[in-house]
There are 2 protein chains.
Amino acid sequence: MTVSYAEIREASVGAFSEGCGTRVVLDHIMSKWGVLVLASLSDGTRRWGELRRDVGGISEKMLATTLRTLSADGLVHRESFPAVPPHVEYSLTPLGRDLMERMLPLVEWVAEHADGMLGRDPV
Amino acid sequence: MTVSYAEIREASVGAFSEGCGTRVVLDHIMSKWGVLVLASLSDGTRRWGELRRDVGGISEKMLATTLRTLSADGLVHRESFPAVPPHVEYSLTPLGRDLMERMLPLVEWVAEHADGMLGRDPV
DNA sequence: CTGTATCCAATTCGATACTG
DNA sequence: CAGTATCGAATTGGATACAG
C-alpha cells in the first residue's frame, strides 16, 4: 500500500473528525448517485437528458440535487446555451478530472470483483 | 486518465444497470461509514471499541450494520477469542487490502483538496 | 428541453436500554 | 467487552405536476 491511512490523517490535521470538510466532500462524491454521475461525465460532456438516461434509475430530483452539489464543490461545470428549446451541457472541471483519475481505478476494481463477492458467507 | 468509464462498462457487460452487483458493492464501500471503517482497518487490526472511537460519530447500530455488510462482502474478517470479557478483532481480508490499495489514493486526494472546495460558487 | 415544486413513502440513523 | 433490540426522528428518494 503506497500511503497509509495514518499518514493521510497526519498530513491533514483535523481531517476525518465529525463534520470536517473531508467527510463532507467524501459524502458528496462517494454517494450513490454522485459516483455514477461523475463516472458518466468522465467520458465527456453530457446534456441533462443524456445524464438522465445514462445513469439509469436516477430521478429528476436526485439528478438536480447531485449536479448542484458537485457543481458547488467545483467538480462539475454547467454551461447553458441560450436557445429554444434550452440546451445545457455538463462537464468535469479540471478538478473533477483530477478526482476521477483516482476514482476510476476503484470503480474498475469493483466492476471486476463485484459479482464474486455478493451473498456469500463471511470469511 | 488510464482507463475510461466506457471501457470499464464494456469490459464488464451488464454492470452499472439498476440493482446490478457493481452498484450494490459500490453502495457498501462508498457509504458514509463504509469508507471510514475500511480506512481505519487499513491501518491494522482493530477491536470493536477501538473502531467505535476511531470512527468518530458512528453509532453502535451503524458500526454493527457496516461490519456485517463488509464481512458478508468478504472484505472484513472477524475473529473472536473465547475469553471473559469477550475479545473480538476485525481486520481486512486480502480482498479488502486489495480494495484499499485503490481507495486510499482517492481518500488522500479528498483530504488534500476538501477544505478548498466547500461553499464556493459553481465554476 | 431543462429543470423546479410539492407531496408522500421508504429508508437511514441515533439514542437508549438491555443481554451474554 | 461486544454486541442486540426497539423506537422515533430525520433524511433520502421517487412520482407527479408544472414552469421557463
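Numbers restart at 1 for each chain; the letters A, B, ... are given by sequence-line order, proteins then strands.
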To the side chain of [X], which of [options] is closest?
X	options	value
B/R78	D/dG3, D/dT4, D/dG13	D/dG3
B/K61	D/dG13, C/dA15, D/dT4	C/dA15
A/R68	C/dT4, C/dG3, D/dA2	C/dT4
A/R47	D/dA2, C/dT4, C/dT2	C/dT2
A/E60	C/dA17, C/dT2, D/dA17	D/dA17
A/M62	D/dG13, D/dT4, D/dA2	D/dG13
B/P86	D/dC1, D/dG20, C/dG14	D/dC1

Which of parallel (below 30°), tilted (30 to 60°) and perpendicular (above 60°) describes B/Y5 and B/F16?
perpendicular
For A/F81 and A/H87, take the angle between the two ring planes, folded into 0 to 90°, and tell me which bin it lands in: parallel under 30, tilted 30 to 60, perpendicular over 60.
perpendicular
Applying a 4.0 Å non-hydrogen cut-off, can you work out what B/Y90 is touching in the nucleic acid: base, sugar-phosphate, or nothing?
sugar-phosphate
Measure the distance from [atom1] on [X] to [atom2] on [N] and round it to the nearest whole Å.
X	N	atom1	atom2	result
B/K32	D/dT11	NZ	P	11 Å
B/I58	D/dG3	CD1	C1'	13 Å
B/L63	C/dT16	CG	P	18 Å
B/L67	C/dC13	CG	C1'	16 Å
B/D27	D/dG13	CG	P	9 Å
A/W48	C/dT4	CH2	C1'	9 Å
B/W33	C/dG14	CH2	C1'	10 Å

Flag, side chain of [X] to backbone of [Y], donor-acceptor distance under 3.5 Å:
X	Y	value
B/S4	B/E7	yes
A/T93	A/G96	yes
B/T69	B/T65	yes

